[in-house]
Amino acid sequence: VITKIKARQILDSRGIPTVEVDLYTNKGMFRAASPSDTAPGMYDTLELRDGGNEKYIGKGVSKAVKNINEKISEALVGMDPILQSQIDQAMIDLDKTENKSELDANAMLAVSIAVCKAGAAEKEIPLYEYIGDLAGKSNPVLPVPFITLISGGKHAGNYLAAQEIMILPIGANTFEEAMEMGSETYHHLKTVITEKYGSIGCNVGEDGGFAPDISSFTEALDMVKEAINRTGYGSRIQLALDVAATDFCIGNKYDLDFKSPDKSGQNFKTGEDMVEIYTQLCRDYSIVSMEEPFNKDDWEHTKLFSSNGVCQVAGDELLMSNPKRIERAIHEQTCNALLLKVNQIGTITETIEVVKQVKDASWGVIVSHRCGETEDSFIADLAVGLGTGQIKAGAPCRGERLSKYNQLLRIEEELGDQAVYAGENWRRGF
Ligand code: PGA
Ligand code: ZN
């Protein structure tokens with residue numbers, strides 16, 4: 001049984017407070033931390049920040065910590081950690097709000113993850129296997145990593161509008177080989193950038209991608225292509241983008257110059273223009289996955305682009321991992337993949353339900369990190385256990401990103417002969 005729950009405030013990868021929990025059972029102590037958002041309050045689930053201007057410039061999470069140490073702890077101590085869905089439901093009932101604003105979604109998530117880890121220990125099986133069991137699924141699959149090579153958007157200081165240029169080593173035979181291919185390409189890219197922009201071009205963004213002084217999609221993609229050429233991997237590596245277009249949509253136009261100080265207004269594009277630009281980019285650079293290509297409420301152009309069928313189209317802010325928005329997108333065929341951010345949902349049980357919902361619609365699922373990450377590697381086990389076939393965890397550098405990728409290396413090693421890498425089947429992992 002759960003004997004004690006103790007939460008504390010820790011710092012995420014950006015130096016901003018987030019929630020960590022230590023949950024005790026007769027089997028030991030189980031620790032979990034929640035990632036955090038770039039734009040708290042934007043999603044349906046809310047992040048509870050302390051406010052004010054003094055401590056951590058208002059971004060402290062002491063109220064969320066208090067909620068865990070008092071209300072949640074009182075409700076859960078004495079429960080059996082293998083009762084994941086009952087425990088998650090107990091927190092949902094305690095919270096009572098639709099967007100988890102009473103207890104805080106990040107507080108609930110950290111507890112839910114710690115319970116999951118404790119449940120696996122209780123059953124004496126690996127975490128990924130336990131998650132598979134909770135989902136009624138038995139075949140673990142090592143996901144294809146979406147490895148960030150170039151950062152832009154709100155994650156970096158350059159003038160590139162798109163947030164992330166990523167590579168997918170789909171032609172690797174194992175996850176380990178995928179990371180080798182990703183790391184080699186990352187380092188070749190460093191050389192390519194240094195040749196063109198000098199060493200200053202190799203500064204990195206918030207998820208570890210290089211952030212050279214570029215402002216166009218094609219400059220970024222050309223350099224990544226050149227890096228891939230130098231590795232000799234050819235089409236064994238494919239490209240993906242997270243445009244995060246919500247961040248540069250003004251009115252109903254897309255401002256590709258949104259970060260440049262001398263905005264000339266020359267680079268405003270309509271939704272139709274963007275559909276054309278993306279379709280051309282997919283053809284020219286064989287991009288296989290595009291995330292958030294339009295504003296979160298631009299259902300129309302997202303659908304128009306998806307219906308082209310040129311690549312996987314994943315909804316991030318469009319869907320907010322929210323079952324109601326997902327239902328609408330499935331019904332209207334707006335996109336065909338979900339970017340899954342567990343802290344937008346708040347519990348493991350609801351996460352499993354959402355994955356079932358989109359799986360039934362034959363969608364893809366990209367398990368995703370957040371901009372503000374911690375050393376908790378839970379999403380690695382989640383991706384394997386649910387067999388999503390896809391994970392996005394940033395660059396092959398920086399500890400908070402590598403904690404996920406390195407855990408996947410360990411899982412593959414543990415599975416030995418039983419290990420299956422999604423590879424060419426990345427879109428349909430399960
Ligand atoms: P975010 O970035 O945490 O800033 O939302 C992650 C993503 O967009 O994939
Ligand atoms: Zn995104």
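Start at 1 and go down the list; that is how both ligands and their atoms are numbered.
- Of all the atoms in ligand 1, the ones that sit under 4.0 Å from a non-hydrogen atom of K341 are 1 (P), 5 (O), 6 (C), 7 (C), 8 (O), 9 (O).
- The main-chain N or O of G182 is never found under 3.5 Å from a side-chain atom of Y233 such that the two would form a donor-acceptor pair.
- For a threshold of 3.5 Å applied to N or O pairs, the pair formed by H155 and ligand 1 contains at least one separation below that value.
- Using a 4.0 Å cut-off between charged nitrogen and carboxylate oxygen, K196 and E219 do not count as a salt-bridge pair.
- Atom numbering of ligand 1 starts at 1 in the shown order; those under 4.0 Å from a heavy atom of R370 are 1 (P), 3 (O), 5 (O).
- The Zn ion (ligand 2) has an N, O or S atom of D316 under 2.8 Å away, backbone or side chain.
- Here is the list of ligand 1 atoms found below 4.0 Å of a heavy atom in K392: 7 (C), 9 (O).
- A salt bridge between D22 and R8 is present, with a side-chain N of the basic residue lying under 4.0 Å from a carboxylate O of the acidic one.
- By the side chain to side chain contact (heavy atoms under 4.5 Å, CB included) test, L94 is found to be paired with K71, I72, A75, L103, residues two or more places apart in sequence or in another chain being considered.
- At a 3.5 angstrom cut-off on N or O pairs, L339 does not count as close to ligand 1.
- Geometry at the Zn ion (ligand 2): OE2/E291 and OD2/D242 form an angle of 80°, nearest 10 degrees.
- Between R370 and D12 there is no salt bridge, since none of the side-chain N atoms of the basic residue sits less than 4.0 Å from a carboxylate O of the acidic one.
- Ligand 1 has no nitrogen or oxygen under 3.5 angstrom from a nitrogen or oxygen of H369.
- The residue from R49, K100, E47 that alone fulfils the side chain to side chain donor-acceptor pair (under 3.5 Å) condition with N106 is E47.
- Note on ring orientation: taking the six-membered ring where Trp is involved, the planes of F146 and W426 are perpendicular (angle over 60°, cut-offs 30° and 60°).
- With ligand atoms numbered from 1 in the order given, ligand 1 contributes 7 (C), 8 (O), 9 (O) to contacts under 4.0 Å with heavy atoms of D242.
- For ligand 1, the polar-atom distance check against S36 finds no nitrogen or oxygen pair separated by under 3.5 Å.
- Here the side chains of Y421 and V144 are in contact, with some heavy-atom distance below 4.5 Å.
- Proximity to Q163 (heavy-atom distance under 4.0 Å) selects the following atoms of ligand 1: 2 (O), 7 (C), 8 (O).
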